[in-house]
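Notes for the one structure printed next.
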Amino acid sequence: MFTKLSENELIALGSVMETRLVKKGGHYLHQGQICHHLGFLNKGIMRVYHLANDKEYTSYFNFGDRNPFVSSFSSFITRKPSHESIHALEDCEICQISYNDLQKLYDESFAFQKLGRLVAEFSYRLAL
């Protein structure tokens with residue numbers, strides 16, 4: 001979808017990816033936690049929201065091909081607490097990679113650096 005990876009790069013990526021299941025009504029991340037993973041939504045719908053003045057404000061939804069990347073991206077890249085929560089509206093299956101594993105892949109291959117940049121650009125465009 002974003003860039004072509006070699007067979008060895010695909011094996012390296014597969015070795016660090018893990019599947020996480022989040023049941024309907026559960027949370028992938030709570031506001032105030034540091035986001036340690038970048039996920040790709042395989043199944044389900046997630047809602048990203050934040051609390052302010054005792055009210056919930058929905059920012060966006062993760063579903064299908066429109067926005068498959070699940071993360072508090074600013075928290076993920078800055079390593080600071082998230083300003084948002086990520087909540088499952090139905091049973092969800094997420095393929096995820098940890099921050100540390102992603103950094104190792106970036107160090108190993110230009111293709112992973114390119115992939116990371118393209119994912120960040122894709123996510124940024126969705127926010128506009």
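Residue numbers count from 1 along this sequence. Values in this document were obtained by computation on a predicted structure and should not be read as measured data.
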Once side chain to side chain donor-acceptor pair (under 3.5 Å) is applied, do any residues pair with [X], and if so which ones, sequence neighbours excluded?
X: T78; result: none
X: S82; result: S72
X: N42; result: E93
X: S71; result: none

Hydrophobic clusters join Ile, Leu, Val, Met, Phe, Trp and Tyr when side-chain heavy atoms are under 4.5 Å apart, directly or via other members; which others share one with Y57?
-> none
Apart from L29 itself, which Ile, Leu, Val, Met, Phe, Trp or Tyr residues share its cluster (side-chain heavy atoms under 4.5 Å, direct or through members)?
-> V22, Y28, L41, M46, V48, Y60, V70, I86, I94
Applied to residues 11-27, the salt bridge (Lys or Arg N to Asp or Glu O under 4.0 Å) test, sequence neighbours excluded, yields none
Taking ring pair (Phe, Tyr, Trp, His ring centres under 6.0 Å) as the definition, give me every residue that meets it alongside [X], ordered by chain and number, with sequence neighbours left out.
X: H36; answer: none
X: F76; answer: Y99
X: H87; answer: H27

Check whether any side-chain heavy atom of F61 lies under 4.5 Å from a side-chain heavy atom of L89, and answer yes or no.
-> yes
Taking the side chain as every heavy atom from C-beta outward, state whether F40 and I97 have any atom pair closer than 4.5 Å.
-> no
[X]-[Y] co-clustered via ILVMFWY side chain contacts under 4.5 Å:
X: M17; Y: F69; result: yes
X: I34; Y: I77; result: no
X: L5; Y: V16; result: yes

State the OG-CD distance between S75 and E84, to the nearest 0.5 angstrom.
-> 8.5 Å
Calculate, to the nearest 0.5 Å, the distance between atoms NE2 and SG belonging to H37 and C95 respectively.
-> 11.0 Å
Greater than 12 external heavy atoms within 6.0 Å of H30's NE2 | yes
What are the two closest non-hydrogen atoms of C92 and G44, and how far apart are they?
-> SG-CA, 3.8 Å
Looking only at heavy atoms, what is the nearest atom pair of Y49 and T58, with distance?
-> CB-CA, 3.9 Å
Candidate pair H50 and Q31, rule side-chain contact (heavy atoms from CB on, under 4.5 Å), full reasoning = CA-CA 7 Å; H50 68 278; Q31 188 172 338; 3.8 Å; yes
R79 side chain to C35 main-chain N or O, any donor-acceptor pair under 3.5 Å?
-> yes
Residue set satisfying salt bridge (Lys or Arg N to Asp or Glu O under 4.0 Å) with E56, at least two apart, ordered chain then number -> R47
Would you give me the side-chain donor-acceptor pairs under 3.5 Å for residues 100-111, sequence neighbours excluded?
| residue | atom | partner | partner atom | Å |
| --- | --- | --- | --- | --- |
| D101 | OD2 | S98 | OG | 3.2 |
| S109 | OG | E9 | OE2 | 2.7 |
| S109 | OG | A111 | N | 3.0 |

